[in-house]
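Since this is a predicted model, take the numbers as computed values, not measurements.
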Amino acid sequence: MRTVKLTTRNSRLWLGLVIALLGGCAPYLNQPLQPSEARLGAESNVYHQLQELPEPQEKVVAAVYKFRDQTGQYKPSDVGASWSTAVTQGATSILQRALDASGWFTTIERESLSNLLNERKIIRSSRQAFQQQEGNDDAGLPPLLFAGILLEGGIISYDANMLSGGAGARYFGSGGSAQYRQDRVTVYLRAISTTNGRVLKTVYTSRTVLSQKVDVGMFRFVSFQRILEAETGFTHNEPAELAVREAIEKAVHSLVLEGVLDGLWNLKHTEEMNSPAITMYQQEVEANAQTDYLGRRFNRFDRSRLRLGANLGTFRYAGDYPNPLLRPAGGLQLGFQLSTWLTAGLEVSQGALASEGVHQEVRLLGAYTEWRLFPETRFTPLMQLGGGWISEEGQPLSAGYGLVTSGFGAEYLINQRLSLQGQVRNHYVLSDELDQVQQGKYNDFFWSASVGIHIYLGKQ
C-alpha cells in the first residue's frame, strides 16, 4: 500500500477545498431536484393582518375598474434589452382579493363589465324565449349593485438597483464573494365617493424586492501540470409579484384603518377603537415619520453654528529618522458652521515628534474645513482638509514651516449640545527641514489620531 504524506501545503489545499464545499452546502440542502405539485400560494404577514381587522358596522360596496401598472418599467437585464414588464399586469385581481380578505368591502365586478352585460343580455333573451313558450312575460333580472366608493390608483413606481453592493476576498486562487441588489415597488390607492366625486382618502405604500448572490471558488496548481478548480454558489431572487401583492395588501390595510380614524366608516363595536390592530397601526405611523426611504430610523439633529472643542491623542513622526515613536498630543478647536454639510474653523495643537534619533516639541496653528456625510443624523462620518503652520516649541513662529492637513473621522452626538469626535489626519510639511535633516526626495510629514469633546453653542 502506498502511503501519502500530508504536507503543510497539502493540508492547506484540502482545508480550502473543505471550506469551499461547506460554503455551498446550504443551498444544496434545498435543491429543486424534481418537479413539485401545485400548492396554495404563500401568504404574507400583511394578509394575516387584514384578516384580523375589527368588524365593520356595515360593509362598503366598492368597485375597481382598473388597478394597472403605471410604471412603464421593463424588467432590468444585464445581458441586453428585456421586453418583459418589471411588475405584474394583473394587479386588479390582487386588489380584489385583498378587499375580500379585509372583510370591510363588498366588491362588485367592473373590470370585465362588458362581458357581464353581454352575459346578462344572453340570459334575458333566453328567459324571454322560454317565457313566451310558457306564456309568462316575467323575464327580468335583478338590477346590478352600484358602488358607494370607487377604488383607483395603481403601481406607480418600480425603482431598480435602488441599493446594491457586495463583498469578496481571494487569496492564492481561493475565495468567495457575495452580492446583493434591492429594488422597490410603490403603490398608491385612493377611495372616491360615487355620490359627489370627492377623494375620501389616499394611501401610499412601498415594498422592497431583494436579490442575493453568493459564490465560493478555488483555482490552484496542486502539482506540475495539475490544476484543481472547484466552485459553488447560489442566487436568490425574490419574486416581484409577492412584493406587489404585499404592497397592495398593506395599502388596503392602511385605507381601512385611516378611514376608521377619520370617521369615514364605523366599527361594529366602538370599544374596538383601542384594539391592538389600531394601536399598532398608530405606532407604525409614528415610527414611519422617523424612517427614511431606505428603512433606516433617524432623528433629526440640528447642530448650532458655533462649536468649541478639545481633543487628546498622539503624533506619529514620519521623517528622515528611522523607528518612529508615538507621543501624546492635544489641542483646541473653534468651528463655525457654514451650512448643514460644511464647517470651517481654527485650531491649535501641541505635541511631540519622536524617533530613536530625534525628539521635538512642536506646536501647530491652522485652519480647516470639515464636511459631514450625514448632517442631520446622530452619527456621521467626517472628512477634513486644511492647512497651517508648524514650529518647534520655544522658537518664533517665523522659524516654522507651512503644512497641509487632510484626514477623516466620525462624530457622535450625545445630545443637541455635546458630541464625541474621533479623527485620523495626515500632516504634510512643505519642507524637508523639520527634523533638521534633508534626506531623500520626500518632505517630512507625520500622522495624528485624536478623540475629543465638542460643545455646540447658540441656536440650532
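The shortest distance between side-chain heavy atoms of N311 and Q333 falls below 4.5 Å. Between R307 and Q421, the closest side-chain pair of non-hydrogen atoms falls below 4.5 Å. Between W104 and V252 the shortest side-chain heavy-atom distance does not fall below 4.5 Å.
In this structure, a donor-acceptor pair under 3.5 Å is present between the side chains of R372 and T343. If you check the side chains of T235 and N237, you find no donor sitting under 3.5 Å from an acceptor. Checked by atom type, the side-chain pair Y65/E152 shows no donor-acceptor distance below 3.5 Å. Using a 3.5 Å distance cut-off with no hydrogens or angles, the side chains of T88 and E241 do not pair a donor with an acceptor.
Put simply, the residue from L200, L264, V199 that forms a side-chain contact (heavy atoms from CB on, under 4.5 Å) with S193 is L200. When each of V256, L151, I149 is checked for a side-chain contact (heavy atoms from CB on, under 4.5 Å) with V60, only I149 meets the rule. For the side-chain hydrogen bond (donor to acceptor under 3.5 Å, both in side chains) test with Y158, the passing option among D183, D69, T71 is D183; the others fail.
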Test side chain to side chain contact (heavy atoms under 4.5 Å, CB included) applied to T405 and L364, step by step: CA-CA 11 Å; T405 300; L364 282 74; 5.7 Å; no
I278 vs E272, side chain to side chain contact (heavy atoms under 4.5 Å, CB included): CA-CA, chis, key distance, verdict: CA-CA 8 Å; I278 297 180; E272 289 187 335; 5.8 Å; no
Worked verdict on R207 versus V46 for side chain to side chain contact (heavy atoms under 4.5 Å, CB included): CA-CA 12 Å; R207 170 68 154 79; V46 180; over 6 Å; no
Test side chain to side chain contact (heavy atoms under 4.5 Å, CB included) applied to F146 and L144, step by step: CA-CA 6 Å; F146 59 90; L144 291 174; over 6 Å; no
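The aromatic rings of W265 and F105 lie perpendicular to each other, with more than 60° between the two planes, well past the 30° mark. Using bins of under 30°, 30° to 60° and over 60° for the plane-to-plane angle, the ring pair W341/W371 lands in the parallel bin.
The pair E111-R68 does not count as a salt bridge, with every side-chain nitrogen at least 4.0 angstrom from each carboxylate oxygen.
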